[in-house]
Amino acid sequence: MEQETQLYLVPTPIGNLEDITIRAINILKGVDTILAEDTRTSGKLLKRYEIARPLQSYHIFNEHKAVAQLVDRFNKGEKMALITDAGTPSISDPGFLLVRECLKAGIKLECLPGATAFVPALVKSGLPSDKFVFEGFLPHKKGRKTRLEALSAEERTIILYESPHRLVKALDQLAEHLGSDRQASVSRELTKLHEETANGTLLELKEYFEKGAVKGEIVIVVDGKK
């Protein structure tokens with residue numbers, strides 16, 4: 001008898017609430033519990049699609065404590081879905097630890113395809129998309145310089161996440177280590193009303209974004225070393 005799926009990793013919209021699949025909605029309506037990074041944020045999405053299932057908080061600050069209990073509940077037959085505030089679980093969001101422990105315990109899981117910010121940012125950047133490396137967030141302090149120095153030799157297209165208040169500093173550091181004339185692209189507020197993508201050299205982008213306050217989640221795409 002084929003084992004039933006007990007954990008579903010369900011991507012949620014990164015901005016536009018219409019960017020969710022029919023299958024994702026049906027699964028969220030059918031599980032016993034929905035694990036959510038922020039229950040208040042997820043509650044807005046669930047209300048939009050009339051999904052009334054029990055919510056449980058699962059985030060970076062409690063995941064280590066929660067995993068063992070969740071695995072025990074899976075072993076008793078409970079079905080759950082893991083969602084984050086936006087995008088695909090485990091991509092710069094909680095998910096990896098739970099997936100690893102479920103696999104160790106022989107619990108069947110599925111990951112649905114869906115929204116994630118770096119894919120549209122890469123595609124619309126105009127930079128090579130046949131080979132790329134996703135770096136997520138750079139270290140804030142310790143190890144940041146070492147990571148930037150390593151990326152200076154990377155030949156594939158580089159994708160980074162960054163917070164709006166650190167964007168100008170990040171572009172300045174990238175220009176310093178990778179070269180101010182390196183081509184790049186910055187996307188913010190993807191799928192939202194004020195979506196913007198700016199293209200140019202790292203120096204040009206730094207000068208552009210330092211002119212005013214920057215808002216929204218940021219994806220930086222940088223050309224690889226030629």
Side-chain angles (χ1 to χ4, degrees), residues 8-28 36-38 41-42 44-46 48-49 81-96 99 110-138 147 151 154-171 174-175 178 182-202 204-206 208-209 212-225:
Y8 294 92
L9 304 158
V10 181
T12 52
I14 60 174
N16 191 318
L17 294 185
E18 293 182 0
D19 293 334
I20 189 168
T21 67
I22 296 171
R23 183 183 174 210
I25 294 170
N26 289 336
I27 284 175
L28 291 174
E37 187 177 5
D38 186 325
T41 300
S42 298
K44 297 174 184 176
L45 175 69
L46 300 179
R48 166 74 178 269
Y49 290 101
L82 173 64
I83 59 176
T84 61
D85 291 348
T88 300
S90 195
I91 304 297
S92 293
D93 275 322
F96 162 72
V99 168
E110 290 184 38
C111 181
L112 277 64
T116 191
F118 76 79
V119 173
L122 170 63
V123 172
K124 69 187 300 192
S125 72
L127 297 172
S129 56
D130 56 333
K131 294 180 181 179
F132 59 89
V133 56
F134 174 64
E135 287 287 320
F137 288 93
L138 290 171
R147 195 74 217 119
L151 289 176
E154 177 59 63
E155 297 180 353
R156 295 168 293 182
T157 300
I158 303 161
I159 305 172
L160 303 162
Y161 284 168
E162 192 52 274
S163 63
H165 67 274
R166 281 196 296 265
L167 174 61
V168 173
K169 180 181 179 180
L171 290 170
L174 287 165
L178 278 63
R182 185 76 69 92
Q183 289 294 314
S185 174
V186 174
S187 290
R188 66 178 193 88
E189 297 281 74
L190 284 166
T191 78
K192 298 180 182 178
L193 181 62
H194 300 292
E195 176 177 332
E196 177 187 22
T197 294
N199 301 307
T201 66
L202 286 168
E204 289 169 342
L205 289 169
K206 178 213 165 191
Y208 173 75
F209 283 106
V214 181
K215 296 180 180 181
E217 298 300 316
I218 306 293
V219 186
I220 305 172
V221 184
V222 187
D223 199 8
K225 182 180 181 181

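All of these numbers come straight from a predicted model, not from anything done at the bench.
- With rounding to the nearest 0.5 angstrom, the CD1 atom of Ile22 is 12.5 Å from the CD1 atom of Ile27.
- At least one donor-acceptor pair closer than 3.5 Å links the side chain of Glu204 to the backbone N or O of Thr201.
- Side-chain atoms of Asp85 do not come within 3.5 Å of backbone N or O of Glu37 as any donor-acceptor pair.
- Summarising the geometry of Pro89 relative to Ile83, their closest heavy-atom pair is CG-CA, 4.3 Å, with the distance given to 0.1 Å.
- His194 is not listed as a side-chain neighbour of Lys215, based on a closest heavy-atom distance of 4.5 Å or more.
- Rounded to the nearest 0.5 Å, atoms CG (Leu138) and CD1 (Ile220) are 7.5 Å apart.
- Atom-to-atom distance recorded for Phe134:CZ and Ile158:CD1 is 13.0 Å, nearest 0.5 angstrom.
- The minimum heavy-atom distance linking Ile14 with Lys192 is given by the pair O-CE, 3.7 Å.
- The minimum heavy-atom distance between Leu28 and Ala81, with the atom names listed, is CD2-CB, 3.7 Å.
- In this structure, Glu195 CD and Glu189 CD are separated by 9.0 Å, a value rounded to the nearest 0.5 Å.
- Residues Leu174 and Arg182 have side chains not in contact (no heavy-atom distance under 4.5 Å, counting atoms from C-beta outward).
- With sequence neighbours left out, Ser185 forms a side-chain hydrogen bond (donor to acceptor under 3.5 Å, both in side chains) with Asn199.
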Please determine whether side chain to side chain contact (heavy atoms under 4.5 Å, CB included) holds for the pair Leu151 and Val222, giving the CA-CA distance in whole Å, both sets of side-chain angles, and the decisive distance to 0.1 Å.
CA-CA 10 Å; Leu151 289 176; Val222 187; over 6 Å; no
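- Under a cut-off of 6.0 angstrom, the local environment of CD in Glu217 is sparse, with at most 12 non-hydrogen atoms contributed by other residues, nucleotides or ligands.
- Of all heavy-atom pairs between Ala184 and Leu127, the closest is CA-CD1, 4.1 Å.
- Between Tyr161 and Phe118, the ring-plane angle classifies as tilted under the 30° and 60° cut-offs.
- By the neighbour-count criterion of 12 heavy atoms within 6.0 Å, atom CZ of Phe209 is densely surrounded, having more than that number from other residues, nucleotides or ligands.
- The CG atom of Leu178 sits 12.5 Å away from the CD atom of Gln183 when rounded to the nearest 0.5 Å.
- Partners of Tyr208 under the side-chain hydrogen bond (donor to acceptor under 3.5 Å, both in side chains) rule, at least two apart in sequence or in another chain, are Glu196.
- Considering only heavy atoms from C-beta on, Pro11 stays 4.5 Å or farther from Thr116 through its side chain.
- Sequence neighbours left out, the pairs with a member in residues 14-28 that pass side-chain hydrogen bond (donor to acceptor under 3.5 Å, both in side chains) are Arg23-Glu110.
- The nearest pair of heavy atoms linking Ser42 to Ala36 is OG-CB, 3.5 Å.
- The minimum heavy-atom distance between Leu122 and Pro128, with the atom names listed, is CD1-O, 3.9 Å.
- Once rounded to the nearest 0.5 Å, the distance linking CD of Glu162 with CZ of Arg188 reads 15.0 Å.
- Distance alone, capped at 3.5 Å, is enough to place a donor-acceptor pair between the Thr12 side chain and the Thr84 backbone.
- Side-chain atoms of Leu17 and Leu45, non-hydrogen and from C-beta on, do get closer than 4.5 Å to each other.
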